[in-house]
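Along the sequence shown, the residues carry numbers beginning at 1. Atoms within each ligand, like the ligands themselves, are counted from 1 in listed order.
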Amino acid sequence: MCGIVGYSGFRRASEVIIESLKRLEYRGYDSAGMAVINHGITVEKKRGYVSMLKGEMEGRTGIGHTRWATHGEPSDKNAHPFTGCTGEFAIVHNGIIENYMELRKDLVKKGHKYASDTDSEVIVHLLEEGYAEHKDFKKAFFEMIGRLRGSFAIVAVHRGENRIMAVKKESPLIVGIGEEENFLASDIPAFLSYTNRVVIMEDGEVCELDPDGISFYDFQGNERKKKTEYVDWTPESAEKSGYEHFMLKEIFEQPLAIENTMHTLFSNDIDLPYYGRITIVACGTSYNAGITGKYLLEKLLGIPVDVYYASEYRLRPEVRERSLVIFITQSGETADTLVAAKIARKRGYETVGITNILGSSITHHVDHVIYTSAGPEIGVAATKTFTAQLAALYYLGAALGEKYGILSQMKCDEIIDEFRRVPRLIEKSLDYEGTIKKIAQKIMNSENMFYLGRGMNYPIAMEGALKMKEISYIHAEAYPAGELKHGPLALLKEGVPVVAIVTRDETYDKMLSNIREVSARGATVIAISPETEIENYVDYRIPVPKNSAMFSPFGNTVAVQLLAYHTAKLRGCEIDKPRNLAKSVTVE
Ligand code: F6R
């Protein structure tokens, strides 16, 4: 996955491009580059972060790229943009060109010379071929599209023109509309400090843009009318606003993210038919939200809920069942989830997408869309989008319970009342940051950790372990607490930190005996619990506020997020950009 941008207007393009790319670095950060139109085309590209670019070039039109390597190692030569043999065009690409090998062979036969190992470079050589024949940028661009197979968002410029051509197919691309300037980017935060008027490009669309106008076409060249949308994200929402890291800011934004998500949920009708079974499909953190959803929806609706990793769902044979299939993806662009959604639809299931991104790819592959409104999430580790997904699932549970006649009106109202108090619950949990920082100091040098939970808090233990792994690089595993004695207990050694999520419900006594088991083997036990009594059994306690067991995942999530954050910070890790990871994974 990569981030791409385009700018044409009255400002110095290189400055706009660098600023925009910095906001897209969550999408990839192993190399960066830009190309600006001036007397010719000036290119600067390098392995490393966007901040390594100098951007000292004149010119009002240009394109930029921040890369997460798929084809070809991260290096200066594999960084985008590519300018081909003649240097007349520059292109940036996000996605995968599936037939690049055959195109490359064909173009090499025609005398084209390659400067990189990437699939993307074929694009610029194809443009050169088309231009040699038609002497027209637009014609060459359409011809190039016709030769490509795979997924692509491409932005291209031509020497001597302030026009940008762009295309979208299965990789995101958004147009930003300004006054005498226009923008293109993989995601809205890239240009949010200049405009909040956007057009969301759909698959199979081409855009032609200069400072004075924008036109859209289908792949056959027929003009298309598009709707302008206004996003209510503020420029500050894509800034760190005084926080040391985006991740910390996003953890603290959770009360607002949930409030905004509630507002969106309450103002949209959820009208989903009854199938007597629900299947949830997702990856990573969204999968953990899905498992929480399973516990919750089974409890509220009394119907079976299965949860699949998207990459595994596709391997599932066609089975005879009637099920509503829910895809959870904050970015709406995760390749595995999109493939799974296409398979489910092909098999005739009614499908729902839960996403944080307006008009993202998943919205085109499902029958119903439920939006969360967590605002832009820049830190690679998902935080506020996770709790916003939980919010959507809780609301879904109550709304479907009422619609299907499973929950009484009174029960529904009770749930919604408590649901409305979640932002306050999260605020109170954030107050324990000081305690968590101190605990982080005790565990910062660990090599291994365990997270334990039961019932609805088992997936929160999974989420805690995932957060710890991805940002602090400590090996952390989550188990349903009862499973520990069936094998993993053998790994416990003196001083290994064990985080136990202990809630006052039917799991409480069992959790206590599991804690005794691990303490007896010398583990350092950290309990996340509202119960003071627990202090008699553990080394440290994170005192999350008292709450009903059903809503406890929200406060507990905040605790595991902050513990991972502060541990990673003490270990000096790159918190917002963990090694080898990118925000949305657009390759299968
Ligand atoms: C972890 C994380 C990833 C994503 C996963 C799915 O912090 O961010 O595990 O949750 O890649 O991404 P989406 O939700 O965009 O489909």
Please state which protein non-hydrogen atom is closest to atom 3 (C) of ligand 1 and give its distance, to 0.1 Å? Thr285 N, 4.0 Å

In terms of atom number and element, which parts of ligand 1 are under 4.0 angstrom from non-hydrogen atoms of Ser286? 10 (O), 13 (P), 14 (O)

Quick one: nearest non-hydrogen protein atom to atom 11 (O) of ligand 1, plus distance? Val585 CG2, 4.2 Å

Which atoms of ligand 1 have any heavy atom of Glu470 under 4.0 Å away? 1 (C), 7 (O)

Answer yes or no for Glu333: is there a heavy-atom contact with ligand 1 below 4.0 Å? no

Numbering the atoms of ligand 1 from 1, which are under 4.0 Å from a heavy atom of Val380? 8 (O)

Check whether the ring centres of Phe554 and Tyr394 lie less than 6.0 Å apart, and answer yes or no. yes

Using a 4.0 Å cutoff against the non-hydrogen atoms of Thr329, which atoms of ligand 1 qualify? 13 (P), 14 (O), 15 (O), 16 (O)

For atom 13 (P) of ligand 1, what is the closest protein heavy atom, and at what distance to 0.1 Å? Thr334 OG1, 3.2 Å

Leu563 side, atom CG; Ile436 side, atom CD1 - distance, nearest 0.5 Å: 6.5 Å

Report yes or no: do Lys467 and Thr285 form a side-chain donor-acceptor pair below 3.5 Å? yes

Measure the CD-CD distance between Glu250 and Gln561 for me, rounded to the nearest 0.5 Å. 10.0 Å

for atom 6 (C) of ligand 1, nearest protein heavy atom and its distance come out as Cys283 O, 3.4 Å

More than 12 heavy atoms of other residues, nucleotides or ligands under 6.0 Å from NZ of Lys342: is that the case? yes

Any N or O of Ser331 closer than 3.5 Å to N or O of ligand 1: yes

Find all atoms of ligand 1 within a distance of less than 4.0 Å from any non-hydrogen atom belonging to Gly284, and give their numbers and elements. 9 (O), 10 (O)

Is Arg571 close enough and on-axis enough to Tyr473, meaning under 6.0 Å and within 45°, for cation-pi? no

Atom pair CD1 (Ile291) and OG (Ser286), whose distance is rounded to the nearest 0.5 Å: 12.0 Å

Close-contact set for ligand 1 against Lys467 heavy atoms, below 4.0 Å: 1 (C), 7 (O)

Under 6.0 Å from the ring centre and within 45 degrees of the ring axis: does the NZ or CZ of Lys577 meet both conditions for the six-membered ring of Tyr49? yes

Have Tyr243 and Glu253 got a donor and an acceptor in their side chains that come within less than 3.5 Å? no

Could you say whether the N/O atoms of Ala382 and ligand 1 ever approach to under 3.5 Å? yes

